[in-house]
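Every chain is numbered from 1, with letters handed out A, B, ... down the list of sequences.
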Number of protein chains: 2
Amino acid sequence: MDSSEIAERIWLAIAQGRLAPGARLKEEELAESFEVGRARIRSVLLQLSREGLVDIIPNKGAQVAAPGVQEARDVFYLRSTVETRVAAQLTGQLTPQAADDLRDIVRREREAIADGHLADVIRLSGLFHLKLAELTGSSVLQSILRDLISRSSLITAVYRDTGYFNCGPDEHDAIVEALMGGNEDEVLRLVSEHIEHLRADLNLTSEQQPVKNLRDIFEL
Amino acid sequence: MDSSEIAERIWLAIAQGRLAPGARLKEEELAESFEVGRARIRSVLLQLSREGLVDIIPNKGAQVAAPGVQEARDVFYLRSTVETRVAAQLTGQLTPQAADDLRDIVRREREAIADGHLADVIRLSGLFHLKLAELTGSSVLQSILRDLISRSSLITAVYRDTGYFNCGPDEHDAIVEALMGGNEDEVLRLVSEHIEHLRADLNLTSEQQPVKNLRDIFEL
DNA sequence: GCTGACAAGAATGTCGACAGTCCTGCGCTA
DNA sequence: TAGCGCAGGACTGTCGACATTCTTGTCAGC
C-alpha cells in the first residue's frame with residue numbers, strides 16, 4: 001500500500017471520528033493493520049505530525065492531536081490572515097484554466113454534500129483553499145496553509161456542532177468569481193467572511209476530551 | 001551524536017553560508033560525515049524540511065531550500081500577523097519569571113553581537129520570538145512560528161545586506177517592557193515595527209541563486 | 001499501609017542490507 | 001550529426017532485527 005494512501009486512511013479515520021483525539025497510534029499495530037513495515041508507518045506519522053494531526057512524543061509514541069478551543073480560535077484567525085494574503089495575490093491573476101479547476105472542486109463539493117459523504121466534504125473544502133495557495137506559487141503560503149487546513153479538518157471533526165455545510169460551495173463560487181472580477185476589496189471581504197462562517201459553525205464553548213483506543217478500526 | 005545536534009550543525013552550516021541554497025544533501029554522505037546510520041539522517045532531514053530549511057523531492061533527495069524574494073516577503077508578512085497575535089495574547093500576562101527568561105535571552109544576544117558570532121545572533125534572535133510563542137501555550141502558534149522563524153534564518157543568511165544587527169536586542173527589550181506595561185496598542189506597534197526592521201535589513205531586490213556542493217564542510 | 005528500588009514487558013530508536021527508482025551517458029540507427 | 005533506446009550507476013525507499021528507553025507491576029523494607 002502506498003504511503004499517501006496510508007496517510008489518507010488515517011486522516012479519514014480521524015476526520016470521521018473513528019480515531020478520537022488522544023488515541024494512541026502504535027507503530028507496530030498500524031504496521032500490522034496496513035501490512036507494511038514500521039519504517040513506512042514512521043514516515044507517515046512524521047508527515048501527519050507535520051500537519052498537526054498527531055503529536056509525536058519522543059520515546060513515547062504518537063497520538064491523535066487534541067486541539068483545545070483556544071488553539072481552534074488561533075487556527076481560524078491565522079487562516080483568515082494567510083488566506084487574505086493568498087487572495088490578494090491572486091485577485092485578477094487567475095487564468096481561465098485555474099478558475100475552471102477551482103469550479104470543478106466546488107462542483108465535487110456539492111456532489112459530496114448531496115451524497116452525505118462528510119469526510120469528502122471536509123477534504124474537498126480544504127482542497128479548494130489549498131488550491132488557491134498553490135496558485136500563488138509561494139511555497140511558504142502553501143506549506144503554512146496546508147498545516148492550518150489539516151488542523152482545521154481535525155478541529156471541524158471534533159467541534160462540529162451541526163451537520164450542515166451549505167455555505168461552503170456557494171461562498172467558494174463567489175470567491176472564484178470575485179477573483180476573476182478583480183475587485184480586491186470585495187475578494188478580501190468574501191474570504192474573511194467565509195473563514196468566519198467556518199468558525200461560527202463550530203461549537204467552541206467547551207473542551208472536547210474523548211479518548212478511544214485503536215483496534216479493528218481499519219477494516220482490512 | 002545526538003539527532004538534535006546533527007540538525008543543529010546542518011542548520012549552522014546553512015546559516016553561515018557553508019551550505020548554499022540548492023546544495024544537495026545526500027543521506028549517505030551525511031551519514032558518513034556524522035558517523036551515524038542513514039535512518040537518523042533521514043529523520044533529521046524530515047525535521048528540517050518541516051521547518052522549511054530543506055526541500056525533499058521524492059526519489060530525488062534533499063537539498064537546501066532556495067527561498068525567492070516573494071517568499072521572503074511572505075514570510076515576514078506572516079511573521080508580522082502571527083507575532084502580533086502572540087503579543088496580543090501575552091500583553092499584561094507575563095509572569096516575572098517569564099520576563100526574566102526573555103531578558104536573559106536578550107542579554108545573550110548582546111554578547112553574541114559583541115563577540116561577532118553571527119550564527120548565534122540569528123539563532124538567539126529567533127529564540128526570543130519563539131519563546132514568546134511558547135509562553136502563549138498555543139501549540140499552533142508555536143508550530144507555525146517555529147516554521148516561519150527557521151525560514152527567516154535561512155532568508156537572513158541568504159539575503160543579508162549588511163552585517164549589523166543592532167536594532168535587535170534594544171527592540172526586544174522594549175517589547176518585553178511593553179508586555180509588562182500592559183498597553184496593547186504600544187505592544188502591537190513595537191512588534192510590527194520590529195518585524196518591519198528585520199525585513200528592511202535585507203536586500204530583497206534581486207534573487208540569489210548560488211549553488212555549492214557538499215564535502216569537507218563538516219569538519220569532523 | 002506506604003515508599004522505594006528493581007525487574008519484566010512493551011514500544012520506540014537505530015542500524016545494516018536489499019529493493020526500487022530516477023538520472024546519466026554511451027552506443028546504435030537513420 | 002541528431003535523436004532514440006538501453007544499460008549502468010547512484011541514490012532514495014523499505015524491510016527485518018537488534019539496542020535503548022520508558023512504563024508498569026511486584027516485592028522487600030520501613
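Using the six-membered ring where Trp is involved, A/H129 and A/H172 have ring planes that are perpendicular, over 60° apart on the 30 and 60° scheme.
At a threshold of 4.5 Å between non-hydrogen side-chain atoms, the residues B/Y159 and B/V69 count as touching.
Rounded to whole angstrom, the span from the CG atom of A/L46 across to the P atom of D/dT14 amounts to 13 Å. Spacing between atom CD of A/Q47 and atom P of D/dG13 amounts to 12 Å, rounded to whole angstrom units. If you take CD1 of B/I6 and P of C/dG13, they are 15 Å apart, rounded to a whole angstrom. Atom CZ of B/R38 and atom P of C/dC18 are 13 Å apart (whole Å). The distance from atom CD of A/E27 to atom P of D/dC15 is 13 Å, rounded to the nearest whole Å. Put simply, CG on B/D2 is 13 Å from C1' on C/dT14, counting in whole angstrom units. The nearest whole Å value for the distance from the CD atom in B/E28 to the P atom in C/dC18 is 14 Å. One interatomic measurement links the two molecules: CD of B/E29 to C1' of D/dC11, which rounds to 11 Å at whole-angstrom precision.
Salt-bridge annotation for A/E111 and A/R108: absent, with no side-chain N of the basic residue lying under 4.0 Å from a carboxylate O of the acidic one. Using a 4.0 Å cut-off between charged side-chain N and carboxylate O, A/E28 and A/R38 make no salt bridge. Under a 4.0 Å N-O distance rule, the pair A/E27/A/R42 qualifies as a salt bridge.
In this structure, of D/dC15, D/dT12, C/dT14, it is C/dT14 that holds the atom nearest to the side chain of A/R42. Of the candidate nucleotides C/dG13, C/dC15, D/dC15, C/dC15 has the atom lying nearest to any side-chain atom of B/R40. In this structure, the nucleotide among D/dC15, D/dC11, D/dG13 sitting nearest to the side chain of B/R24 is D/dC11. Picking from D/dC15, C/dT21, C/dG13 the nucleotide with the shortest atom distance to the side chain of A/A39 gives D/dC15. Nearest to the side-chain atoms of B/K60 among the listed nucleotides D/dT14, C/dC15, C/dC23 stands C/dC23.
Contacts of A/S3 with the nucleic acid, taken as non-hydrogen atoms under 4.0 Å apart, involve only primed sugar atoms and P, OP1 or OP2.
Position along DNA chain D of the nearest nucleotide to A/P58 versus B/A62 favours B/A62 as the more 5'-ward residue.
Phosphate proximity of D/dC11 to B/K26: present, with a side-chain N or O under 4.0 Å from OP1 or OP2.
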